[in-house]
Colleague: 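Pasting a structure here, questions to come.
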Amino acid sequence: MDRALPREGLPGGTLADAAVLGPQRPAPSLPSGAWAAPRVNSFVGGPWPLPWSPTACARARSVIRDVLPHWGLGDLVPTAELLVSELVSNALRHAAGPLRLTLERVSDLRCLVSDGTSGSPRPTEAGPEDENGRGLALVEMLAARWGCEYGIEGKSVWFELSGDACTPDSGGGGKDEAA
């Protein structure tokens, strides 16, 4: 999937400062009198490196809690924290480093968890007594869309949340793969 937003290094400071000061795409100018859609600033935050340890989930949730309210998406924090924890846990269990988190905002939120492997995420069917195997089912249930992108340095598993995070997009949710 092509990206419209650059993924450049961001200035130092707090997580929220780096995300809010990230690249912006200005709204196109329209002739006077033309109907204008509300302006939506585009932001890219990260990538933030995550440690290859159980503390990676806590670090990813901390980024979510710090950045989303600054983007006007504070209502998405609980769902985004749950889903990012699932993707980071999956990467720790099934992939190899380096591990990174990137957040993107166009009209809503896109969260990418990147690792250094090219193996595809595989949903499993967990039984009632199983301790594992429900992460991607939660992503499928709560995200508007999710998928996997592959690149030179591995893959990024991503999900998107809309303003109404508990209502998945009815027009094409599910796993999208892009080469």
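For this chain, numbers begin at 1 and follow the sequence in order. In what follows, every heavy atom counts, from backbone to side chain, and hydrogens, waters and symmetry copies are set aside.
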Colleague: How close do Pro69 and Ile64 get, counting heavy atoms only, and between which atoms?
Modeller: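 Shortest heavy-atom contact: CD-O, 3.9 Å.
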Colleague: Out of the candidates Arg100, His94, Lys155, only one should pair with Asp115 under the side chain to side chain donor-acceptor pair (under 3.5 Å) rule; please name it.
Modeller: Lys155
Colleague: As a quick check of understanding, evaluate side-chain contact (heavy atoms from CB on, under 4.5 Å) for Glu149 and Leu112, giving each step before the final call.
Modeller: CA-CA 9 Å; Glu149 299 174 358; Leu112 299 94; 4.2 Å; yes
Colleague: For Arg105 and Trp71, indicate whether the former's side chain and the latter's backbone hold a donor-acceptor pair under 3.5 Å.
Modeller: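 Confirmed, Arg105 side chain pairs with Trp71 backbone.
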Colleague: Any side-chain heavy atom of Trp48 within less than 4.5 Å of one from Val67?
Modeller: yes
Colleague: Please name the pair of heavy atoms, one in Ala143 and one in Leu161, separated by the smallest distance, quoted to 0.1 Å.
Modeller: CA-CD2, 3.9 Å
Colleague: Do the non-hydrogen side-chain atoms of Trp158 and Arg145 ever get within less than 4.5 Å of each other?
Modeller: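 Yes; the side chains approach each other to less than 4.5 Å.
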Colleague: With rounding to the nearest 0.5 Å, note down the distance linking CD in Glu153 to OG1 in Thr117.
Modeller: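 One gets 12.5 Å once the value is rounded to the nearest 0.5 Å.
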Colleague: To check you understand the geometry: which heavy-atom pair defines the closest contact between Tyr150 and Ser120, and what is its length?
Modeller: OH-OG, 2.6 Å
Colleague: Just by distance, with hydrogens left out, do Glu160 and Trp146 show a side-chain donor and acceptor under 3.5 Å apart?
Modeller: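 No, no side-chain donor-acceptor pair sits under 3.5 Å.
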Colleague: Show me the side-chain donor-acceptor pairs of residues 80-92 shorter than 3.5 Å, one per line, residues at least two apart or across chains.
Modeller:
| unit_1 | atom_1 | unit_2 | atom_2 | d |
| --- | --- | --- | --- | --- |
| Glu81 | OE2 | Arg65 | NH1 | 2.5 |
| Ser85 | OG | Arg61 | NH1 | 2.9 |
| Ser85 | OG | Glu81 | O | 2.9 |
| Ser89 | OG | Ser85 | O | 2.8 |

Colleague: So, for Leu99 and Ala56, which heavy atoms are closest and what is the spacing to 0.1 Å?
Modeller: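 Shortest heavy-atom contact: CD2-CB, 4.1 Å.
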Colleague: I would like to know whether Ser156 and Thr102 meet side-chain contact (heavy atoms from CB on, under 4.5 Å); could you show each step before the answer?
Modeller: CA-CA 9 Å; Ser156 294; Thr102 304; over 6 Å; no
Colleague: So which heavy atom on Ser162 is nearest to which on Leu76, and how close?
Modeller: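 Looks like O-CD2, 3.0 Å.
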Colleague: Of all heavy-atom pairs between Arg59 and Pro49, which one has the smallest distance, and what is that distance?
Modeller: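 Shortest heavy-atom separation between Arg59 and Pro49 comes out as NE-O, 4.3 Å.
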